[in-house]
Amino acid sequence: MQALDLIGKVLLNEGDTMAGQFPTYLGALDSWRPRRPHFRNMNLQTNDLDFVAAMTDAKFAYTVPNFSNPTGRLVPEQTRRELVAAARQTGAWLVEDDPYGGLSYDGPIPPSALEISAEDEPDDGRPYGGPVIYLGTLSKMVAPGLRVGWVIAAPEMIAALTTAKQGSDLCTSGLTQRMTCKIFEAGLIESMNPVMLRLYGGRRDALLAAMDRHLADFFDWQFPEGGMFVWASAKDERLNTDALFKVGLEELVCVTPSSVFDSQEEFRRGIRLNFTINDADRLEEAVIRLARATRRLLATLG
Ligand SMILES: Cc1ncc(COP(=O)(O)O)c(C=O)c1O
């Protein structure tokens, strides 16, 4: 999260243009909003997107290729290649935010944009100098409370981010950095990962099954191969999910409305559902409550 903020500090002046995968992680939008950028949406699920046009004159393009927040979708390899090619052609940086790459429930994932862009780098022992700024974190694989993440980028970008970080918090806590070293040395991620995949993968399937039973009349959704979320769109265009959020709270169920993932706050037909926190029984109960809230809201629309 801090890296997103630092990237804004380093790259964005008020009114600058940036491009971002749509819908966009709320925390990223919040990081950059204070700088009032002109935000170009890139919907990577449409086949006719012109990446070069989207990135021309943009300071950077932001993408979460693995199981994005909020959609849970995987960006195909070909699209990753097109993003990298457009970054090279336009001179825009390509920010690859990857908290969820380790949470793949159904098999291997495509190479990262960082790996793809490194294919074109000279093999002469010099550090990576490509357009990708890769962001990793321990938050989803170990514990969000550690607040430890990392950036892989060209030396000039690392230098600029380091200066910005010093101006922000001097450095990350030495204590949590040492804990992180121990976590890696002990192979904790490798030993925890299969357990997490079984647990979260089972919960994903439980949520989807409950949605099939109770929400199919009201919403469409796509199967997330990984990550933490199902993204659903209302079938009835009149169903405003900001309003559904409020009725849901009355039924004691909480979903995230799509407007918070839109830089213009206009998209109001979607909801994000998390499946990693609750067990199958609570997920079923939550979906029943959400269906009740949806029915109540639709009844007010006539
Ligand atoms: C896409 C994305 N980027 C970054 C973050 C924040 O990660 P961290 O806990 O490492 O700050 C999140 C957390 O939800 C996320 O979904």
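Just so you know, ligand 1 is whichever comes first in the structure, and atom 1 is the first atom listed for that ligand. Keep in mind that the numbers below use all heavy atoms, side chains included, and drop hydrogens, waters and symmetry copies.
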Minimum heavy-atom distance Leu283-Asn274, with the two atoms named: CD2-O, 3.9 Å
cation_pi(Arg203, Phe275) dist<6.0 Å, angle<=45: no
Polar contact flag, side-chain donor to acceptor under 3.5 angstrom, Arg198-Asn193: no
Those atoms of ligand 1 less than 4.0 Å from some heavy atom in Tyr62: 1 (C)
Check: Phe60 ring centroid to Trp32 ring centroid under 6.0 Å: yes
Least distance between heavy atoms, Leu94 atom then Met55 atom: CD1-CE, 4.4 Å
Protein residue, atom and distance nearest to atom 9 (O) of ligand 1, heavy-atom basis: Ser139 OG, 2.6 Å
Contact atoms of ligand 1, heavy-atom distance to Arg147 under 4.0 Å: 8 (P), 9 (O), 11 (O)
Among Leu26, Asp5, Asp97, closest by any non-hydrogen atom to atom 2 (C) of ligand 1: Asp97
Chi angles and distances behind the salt bridge (Lys or Arg N to Asp or Glu O under 4.0 Å) call for Glu121, Arg126: CA-CA 9 Å; Glu121 294 285 302; Arg126 280 185 295 166; over 6 Å; no
Closest protein heavy atom (residue, atom, distance) for atom 6 (C) of ligand 1: Tyr25 OH, 3.6 Å
Atoms of ligand 1 close to Lys140 [distance to a heavy atom under 4.0 angstrom, numbered from 1]: 13 (C), 14 (O)
Proximal atoms of ligand 1 relative to Thr137 (non-hydrogen, under 4.0 Å): 8 (P), 10 (O)
Protein heavy-atom partner closest to atom 16 (O) of ligand 1 - residue, atom, separation in Å: Tyr100 OH, 2.6 Å
Between Asp169 and Gln2: side-chain donor-acceptor atoms closer than 3.5 Å: yes
Ligand 1 versus Pro144: contacting region, heavy-atom distance under 4.0 Å: neither
Any Gly27 heavy atom less than 4.0 Å to ligand 1: no
Lys/Arg-Asp/Glu bridge criterion (N-O < 4.0 Å) met for Arg33, Asp30: yes
Min N/O separation Met1 to ligand 1 under 3.5 Å: yes
